[in-house]
Structures are given as structure tokens and as C-alpha cells.
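We count ligands from 1, going down the list as the structure has it; atoms in each ligand are counted the same way.
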Amino acid sequence: MNRTRCDRTPAWKALKAQFDATGRSFDLRAAFGSDPQRFDTFSQRAPHVFADLSKNLIDTATQSSLLDLARQSGLTQHRDAMFAGDKINHTEQRAVMHWLLRNPPLAQMQQARPAIKNVSSELTAVHATLDAMLAFAEQVRADAAITDVVNIGIGGSDLGPQMAVLALDGYVSPGKRFHFVSNVDGHELASVLKKVKVESTLFLIASKTFTTIETMTNANSAKAWFAAQGGTDVARHFAALTTNVAAANAFGISTTFGFWDWVGGRYSVWSAIGLPLAIAIGAQGFRAFLAGAHDMDEHFRTAPLEHNLPVRLGLLDVWYRNFHGFTSRSIAPYHSALKRFPAYLQQLEMESNGKRVDASGEALPMGTSPVLWGEPGTNGQHAYFQMLHQGTDVVPVEFVAVKKPQHRLPGHHTLLLANVLAQAQALMLGKSDAGGHKHFTGNRPSTFLVLDELTPTSLGALIALQEHRVFVSGSLWGINSFDQWGVELGKVLAKDVEARLGSGETTGLDGSTSGLLTLLRA
Ligand code: F6P
């Protein structure tokens with residue numbers, strides 16, 4: 001596989017020249033004025049998602065150079081290597097195959113591509129585990145005595161299932177409550193334990209490694225609470241979702257659902273880590289979630305680059321980060337059930353692409369992951385949209401709107417849609433007939449994603465879209481988007497500091513940590 005870092009391609013130089021000539025002063029209002037087809041040219045249909053990219057700071061020349069950039073960087077070869085099961089996560093010597101978790105079984109594929117046949121044993125294992133996990137999910141759903149499901153996990157073992165259970169609230173069968181405990185801060189677990197009863201609770205211990213200190217601490221405390229309340233049937237009330245089944249067994253859990261080292265934590269909602277979602281929406285719903293993601297996989301894998309939505313989004317991300325110098329992206333889902341979507345995307349983007357060296361370890365001369373942040377609309381409008389409209393920094397906004405609501409309250413949805421359209425419009429158009437404090441410069445870019453309805457299928461597609469756009473920008477930047485060494489140092493230091501908090505020993509510590517530690521112990 002031949003990858004060339006994007007800043008070393010001829011297209012990079014061409015884009016720099018274009019940016020200096022016309023890009024820096026590009027005006028969206030003029031662009032729409034001179035091109036009545038702009039909406040069509042810059043929109044893209046993908047499975048279950050429509051995207052209007054026309055309110056972004058690009059013209060057809062820039063788009064064409066960005067596509068050259070992708071070609072010259074070897075994006076297609078890199079993508080194909082991922083979909084062939086090559087070990088593209090080279091710092092951990094692992095394949096990257098979360099997409100395989102959504103692939104139908106070989107027997108159901110009309111014509112399986114050769115690369116799938118090469119991973120047929122992995123695919124068989126995927127479906128055996130999926131069938132077992134979904135059978136268990138149905139068993140729990142049918143068990144009226146279990147009223148509370150408590151997921152204990154952090155990072156990818158929390159954000160994906162939590163976000164998806166909330167997002168698909170309209171599909172969650174009544175009679176079960178879902179709780180997510182991630183933080184080592186005991187307030188979180190204590191607050192959940194106050195609400196649940198031993199005989200009606202199922203604890204899911206979700207950890208890819210089964211070593212993460214937060215999860216192990218919470219799991220141990222849950223187990224101790226269970227015993228202290230007179231609970232004895234651990235097999236009925238605890239299940240583990242992990243690649244480290246031996247550690248789960250050693251912990252005392254016999255009901256386990258496994259997955260594999262080729263599933264990154266932040267890409268694991270499709271695996272056994274998705275069990276809370278499967279319990280919430282049922283086997284059929286979970287299969288629809290996988291199918292929506294698979295549709296997006298196929299789009300990403302086969303659509304020509306110029307009509308490939310993850311590619312077009314990822315290229316815009318590079319354009320904004322490296323040419324315009326924008327350092328963040330705001331996520332604005334106009335659906336309250338997507339309230340954890342921004343948090344989910346933070347891990348996906350920032351843990352994947354928050355890297356300062358390329359795949360060969362060389363320091364990068366350009367920026368990588370932007371900061372992602374956001375809240376559901378219309379709440380964000382009454383908090384930080386002031387800054388988006390009139391602040392000194394330009395922040396591209398990614399709106400997500402849903403055509404059909406899942407409630408029947410009159411008036412609300414039209415008002416919601418009016419707001420999302422108006423915000424995107426206001427960011428672009430601005431307002432210049434008043435001066436000073438009332439002046440809006442406008443020309444602020446946004447992307448507008450539309451789902452027909454928020455269903456398991458469309459949510460699956462929306463998440464897979466985001467996974468692949470992160471792949472695209474990471475690939476162009478020449479980084480490994482699938483490791484996360486940056487979280488290790490803090491973990492190691494916390495062990496040392498924990499011991500010092502016990503002993504009070506400050507020798508060798510920096511002045512600030514030493515002072516704070518003494519203050520907190522006093
Ligand atoms: O924060 C680092 C990290 O390794 C994430 O990548 C991962 O999702 C999270 O910790 C939880 O890890 P595990 O599932 O192994 O407990």
C-alpha cells in the first residue's frame with residue numbers, strides 16, 4: 001500500500017495557491033448568486049443520509065483539487081487495505097475491521113468480494129457471537145423481573161451504547177431502565193445503586209481490555225454491593241462484554257460475550273459492547289442498526305470519490321483545518337435524542353486523529369484533529385451561538401436535522417426545523433444593514449445533514465458515516481487513526497499519585513502537584 005502524506009503531494013501546493021488566490025476571500029453569498037445549481041452540485045445523497053455541503057467555503061475548482069489530494073495521498077489504497085483486513089493499525093500490529101461486525105454472513109451475500117473470503121473465519125465468529133448476544137438480549141427483554149440494566153464501562157465501552165440507547169429512545173420497549181456508569185467518581189455509581197434493587201438488576205461490565213481502572217473499580221464496587229445486599233446469583237445478574245474473557249471469568253463472571261482486538265474501543269458499539277442497545281431495541285432493531293452501517297460501508301467502499309459522502313466530508317475537514325486554519329467544529333443535532341452524539345463524536349474524532357506525528361513517527365508540520373463540541377439545538381442557540389455568529393473565530397457547524405418526528409405534539413417540529421434552517425441561513429447570510437454590535441459578517445460555513453427519521457437504520461448509517469470521514473482526514477494526514485497512546489501517560493502517573501495520596505510522600509514531585517496533593521490530603 002502506497003500512502004503519501006497530503007502535504008507532500010502536488011495537489012497540496014495547488015490548493016495552497018488556490019487558497020491564496022481565491023479561497024481566503026471566498027464568499028458564499030456571491031457563490032450562490034453566480035451559480036443557481038450550487039445546491040445540487042454540492043449536495044450528496046448517501047444511504048439513509050442526505051448532505052447539503054453547499055454552504056461550505058469551496059468551489060468546484062477547490063473540490064476537484066481536494067479530490068486530487070485524496071488520490072495522490074493513496075486514500076483509496078488505504079481504504080481498500082482496511083476493507084481487506086490488512087494490519088493498518090501498525091503501532092499495535094492490528095487489523096481494523098469494525099466494518100466486518102456489520103457485514104452480513106457469507107451465505108447471505110449474493111457475491112462476496114474476495115477480501116471477505118479471506119476473513120471468512122472472523123466473519124463466522126462475528127455472527128456466532130452476534131446470534132448468542134442477541135438471543136441473550138431477547139431473553140433479558142422477556143424477563144419482566146429484570147427492570148434495570150446497568151452498563152459499567154468507559155470511553156468506547158460507554159459513549160457508543162449510551163448515545164445510541166438515548167438516540168433510539170422511541171424504540172426502547174417499556175419496562176426496562178438503562179443506566180450508564182463510567183466515571184471512577186463514586187458519586188456516579190452510588191447514585192445508580194440508590195435507584196436499583198439486587199433482584200431486578202442486570203450489571204453489564206463492558207471493557208475491551210478488562211483492565212481499565214475506572215471500570216474495574218466500579219465493577220468491584222457493584223459486585224461488593226450485590227453481595228452486601230444478599231445477592232448470590234452472579235451468573236444471572238452479571239455479564240461481561242470483553243475481548244479478555246479469561247479476566248472476566250477470573251473476576252467471577254461466567255456469562256460473557258467476546259469481541260476481537262481488531263475492533264477499536266471507539267468503534268465497538270457494533271460488537272458485544274452494543275448489548276445494552278440490543279436489550280433496549282431488540283434483536284431486530286440491532287440488526288437494522290448494523291444494516292444501516294453496512295449500507296454506509298458499501299457506499300464508502302465503492303462510490304466514486306467525487307460522489308462519496310465520507311470522502312467529501314473528510315476532505316472539507318482537511319481544507320478547513322489546514323488551509324483556513326479553523327481549529328474546531330461544532331456539532332448541532334436538532335433532535336434532543338441525539339444529546340450524547342457530540343460527546344460520542346469527540347472520542348471518535350479526537351482520540352483517532354489527535355496525533356502530532358505521522359505513521360513513521362515524524363512530527364507533522366500541519367494541524368490534525370479539530371476540537372469537536374456541541375449541544376442539541378435549539379439549546380445551543382441560547383448558549384454559544386452568539387460566538388458562532390459574531391465571535392472572532394470562524395467555527396464550521398455541522399447541523400443534523402430529522403424530517404419526521406416521533407411525537408405528535410403540534411407545532412414543535414415545524415418550529416425546530418425552522419430554527420435549524422434559520423441558523424444555517426443566518427451564519428451564511430449575516431446582516432450588514434446595521435453597524436457595530438448588530439452587524440453579522442456572515443459567510444460562516446456549515447454542513448447540513450438530513451435523516452428522514454431517526455431509526456436504528458439511519459442512526460447506524462450516520463455513525464458509520466462519521467467513522468469513515470475520520471478515516472479520510474486521518475489517512476490524508478498520514479497518521480495512524482487507530483491507536484491512542486496519548487491516554488497512557490496520565491494512567492501511569494495516576495497510579496503513582498494514588499500511592500502518594502495515601503502516604504503523603506511528595507519527594508521528586510513538581511512544585512504544583514506537590515502543593516495540591518498536600519492541600520487535598522489535609
Ligand atoms: O481512554 C482510552 C481507552 O483505551 C479508550 O480507547 C477505550 O474506549 C477506553 O479506554 C475503555 O477501554 P476498555 O474498553 O478496554 O475498558
Side-chain angles (χ1 to χ4, degrees), residues 88-98 101 129 133 150-165 180-185 188-189 203-223 238-251 253 256-277 340-356 368-369 371-372 463 466-467 470-471 474 479-495:
I88 61 167
N89 174 0
H90 69 283
T91 59
E92 297 179 305
Q93 269 306 301
R94 290 176 182 168
V96 173
M97 296 205 291
H98 46 277
L101 300 167
T129 308
M133 161 190 153
V150 180
N151 189 80
I152 295 182
I154 197 164
S157 301
D158 164 64
L159 289 163
Q162 185 186 167
M163 177 272 288
V165 167
F180 289 85
V181 175
S182 52
N183 203 322
V184 74
D185 180 349
E188 202 170 63
L189 179 61
F203 289 97
L204 302 176
I205 312 302
S207 175
K208 178 177 171 181
T209 54
F210 225 78
T211 56
T212 304
I213 191 77
E214 291 92 334
T215 302
M216 291 302 104
T217 305
N218 281 323
N220 275 310
S221 297
K223 203 166 107 179
F238 281 81
L241 322 173
T242 184
T243 59
N244 191 353
V245 172
N249 292 156
F251 181 86
I253 299 181
T256 59
F257 298 96
F259 58 112
W260 305 272
D261 70 357
W262 41 261
V263 181
R266 53 195 174 273
Y267 299 87
S268 65
V269 66
W270 323 98
S271 72
I273 293 294
L275 182 57
L277 178 64
R340 293 294 285 163
F341 192 53
Y344 172 80
L345 291 183
Q346 280 177 334
Q347 186 195 19
L348 182 62
E349 174 93 45
M350 293 159 79
E351 200 171 76
S352 298
N353 286 346
K355 311 283 164 68
R356 55 169 289 281
T368 56
S369 172
V371 175
L372 256 65
I463 301 173
Q466 300 291 339
E467 288 178 348
V470 166
F471 178 93
I479 60 186
N480 178 3
S481 300
F482 299 99
D483 60 10
Q484 54 285 316
W485 299 107
V487 298
E488 295 306 321
L489 176 61
K491 290 186 193 172
V492 172
L493 293 183
K495 280 203 181 122

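The aromatic rings of F210 and F251 sit perpendicular to each other, their planes meeting at more than 60°, with 30° as the lower class boundary. Classified by interplanar angle (parallel below 30°, tilted 30° to 60°, perpendicular above 60°), the ring pair H98/Y267 is parallel.
Counting heavy atoms from C-beta outward, L372 and Y344 have side chains that stay 4.5 Å or more apart. At a threshold of 4.5 Å between non-hydrogen side-chain atoms, the residues E188 and N218 do not count as touching.
Nearest protein heavy-atom neighbour of atom 8 (O) of ligand 1: G156 N, 2.7 Å. The protein heavy-atom contact nearest to atom 1 (O) of ligand 1 is E351 OE2, 3.5 Å. Looking only at protein heavy atoms, the nearest one to atom 2 (C) of ligand 1 is V487 CG2, 3.4 Å.
Evaluated for a side chain to side chain contact (heavy atoms under 4.5 Å, CB included) with N151, the options I205, V181, L241 yield exactly one hit, L241.
Of all the atoms in ligand 1, the ones that sit under 4.0 Å from a non-hydrogen atom of T212 are 12 (O), 13 (P), 15 (O), 16 (O). Close approach of ligand 1 to G155 (heavy-atom distance below 4.0 Å) involves ligand atoms 8 (O).
The part of Q484 lying near ligand 1 is the side chain, judged by heavy-atom distances below 4.0 Å. When non-hydrogen atoms are compared, ligand 1 lies under 4.0 Å from the backbone of T209 as well as from its side chain.
Remark: N244 CG to D261 CG distance equals 11.5 Å, nearest 0.5 Å. The CD atom of Q484 sits 5.5 Å away from the CD atom of E92 when rounded to the nearest 0.5 Å.
For atom 10 (O) of ligand 1, the nearest protein heavy atom lies 4.0 Å away or farther.
The shortest N or O to N or O distance between Q347 and ligand 1 is under 3.5 Å. Residue G265 has no nitrogen or oxygen atom sitting less than 3.5 Å from a nitrogen or oxygen atom of ligand 1, judged on distance alone.
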